[in-house]
Amino acid sequence: MNYGLIMTEHAAGDSRVEQRRHLVTEIPGPVSRELMARRERAVARGVSTTLPVFVTDAGGGVIVDADGNSLIDFGAGIAVVSVGNAAPRVAARVAEQAARFTHTCFMVTPYEGYVEVCEELARRTPGSYEKRSALFNSGAEAVENAVKIARHATRRQAIIAFDHGYHGRTNLTMALTAKNMPYKDKFGPFAGEIYRMPMAYPLRWPGGREACRENALPMIKSLIHTQVGEDNVAAVIIEPIQGEGGFVVPPDGFLAGLAEFCREHRILFIADEIQTGFCRTGDWFACEHEGVVPDLITTAKGIAGGLPLGGVTGRAEIMDSVHAGGLGGTYGGNPVACAAALGAIETMVAEDLAGRARRIGEIMLPRLYGLAEKYPAIADVRGRGAMLAIELTKPGTLDPDPAMTAAVSRACHQAGLVTLTCGTFGNVIRFLPPLVIGEDLLDEGLSILEDAFASASGDDR
Ligand SMILES: Cc1ncc(COP(=O)(O)O)c(C=O)c1O
């Protein structure tokens, strides 16, 4: 199938890694298998592996493994290397910064890169009000700090989170995260004053999509009123499109309605844009699609092209309500990570990666809808820009089909396509290619997915 492929001028971010899939062994190959055996003797079992190939190089839309295989990347390290792996501007800025100084601790003796990243966050995040930011090392740490700030600013304690939500694996963020296995099981007790509401999940809302559009928000408002009390609530935290929970896209108007309810009751609206942010959904931030302006926004993942960095950005009066010394950490906003973020943001602007994300959606969606027509196991195709997913169920029902999901994913991996699964029921395949991926690779990856469905369904026998 040909969709009028365009080889972009900056195909795959000018990576030095050859942009083609090429398999020379089975997946995983013998060198990766040996490394895996070493890994098992040295690395804790709790740190899992999706696809056991050991990486030696990566760039643009390709990952090269220790056996010399080149795989197409539809995962971007879980929505992190949106600018491509080892993106030239990121690599150059990192090398330059690492050669000058690697750490002073911003709270001891500051440096300009941290301030520049906060200026960029103020410029790029939704809202024209005056903003402040604070930088951290990970998404979970950003979420923890957003909650600290919200509680401090409002002098209220309750936090509202949602079914299927994912906010991290630290103690407070485990409490915010919905799914028990593998994230929470036997890791309690969890932090208190967290209240979970149903999520506006169109496919799974009782009564269907229209009922979801009509009833989700009134139900949530009523539950907050009766079970928590609006003026006990410091903040509502929500992913504009849920990530780990299954790329759940709420109906149009849901986020705006929720934000309005928050405003009426002086509840802070925290948008967790850790997975959706930095051009992934075709805008700088997913909230923009609905014209929603959060009070606080958490960022990480795509912000720094692979280096660990997270941020909380928000209204100046909220952020500045916290006393000096109340926020921070030894490494938060490390100078090398800040240099990487500046290189990543520069790449997003120079290569219009929000536009690239929209284009990826335009290419992928028709193919995914075509697949759904052919395979009734695909109950839903959803997402926005370059954050897309398919949900698999037993045909004609809403019963999740994690076995088929795993079989399709495994077939993709064996053919040299890196795909990720997600979802509360483990039945969603998600697509998060680097935004610089060449359209020929995108097309080839989609063909591999189609073949994987054929083989998992027995069509190729
Ligand atoms: C929406 C969201 N919030 C928070 C996190 C946690 O980020 P990290 O893994 O960097 O701690 C993630 C990670 O997947 C995420 O998708």
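Computed over heavy atoms, backbone and side chain alike; hydrogens, waters and symmetry mates excluded. Counting starts at 1 for both ligands and their atoms, following the listed order. Residues take their numbers from the sequence shown, with the count starting at 1.
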Those residues at least two apart in sequence (or on a different chain) that pass salt bridge (Lys or Arg N to Asp or Glu O under 4.0 Å) with D399 are none
| field | Over-ring placement of K184 relative to F190, 6.0 Å and 45° cut-offs | value | yes
(message) Could you go through R151 and E193, starting from their C-alpha distance and side-chain angles, then the distance that decides it, and tell me whether this counts as salt bridge (Lys or Arg N to Asp or Glu O under 4.0 Å)?
(response) CA-CA 11 Å; R151 285 179 168 158; E193 283 303 304; over 6 Å; no
Contacts of R213 meeting side-chain contact (heavy atoms from CB on, under 4.5 Å) (sequence neighbours excluded), chain-then-number -> E210, P251, D252
Value for CD (E120) from SG (C338), rounded to nearest 0.5 Å, stands at 11.5 Å
Distance filter under 4.0 Å, heavy atoms only, around ligand 1 gives S138, G139, A140, Y166, H167, G168, E239, E244, D272, I274, Q275, K301
Expected list for residues 174-183: side-chain donor-acceptor pairs under 3.5 angstrom, two or more places apart:
from, atom 1, to, atom 2, distance (Å)
T177, OG1, H167, N, 2.9
T177, OG1, G168, N, 3.3
T177, OG1, G168, O, 3.2
T177, OG1, T173, O, 2.9
K179, NZ, G423, O, 2.8
N180, OD1, D185, N, 3.2
N180, ND2, D185, OD1, 3.0

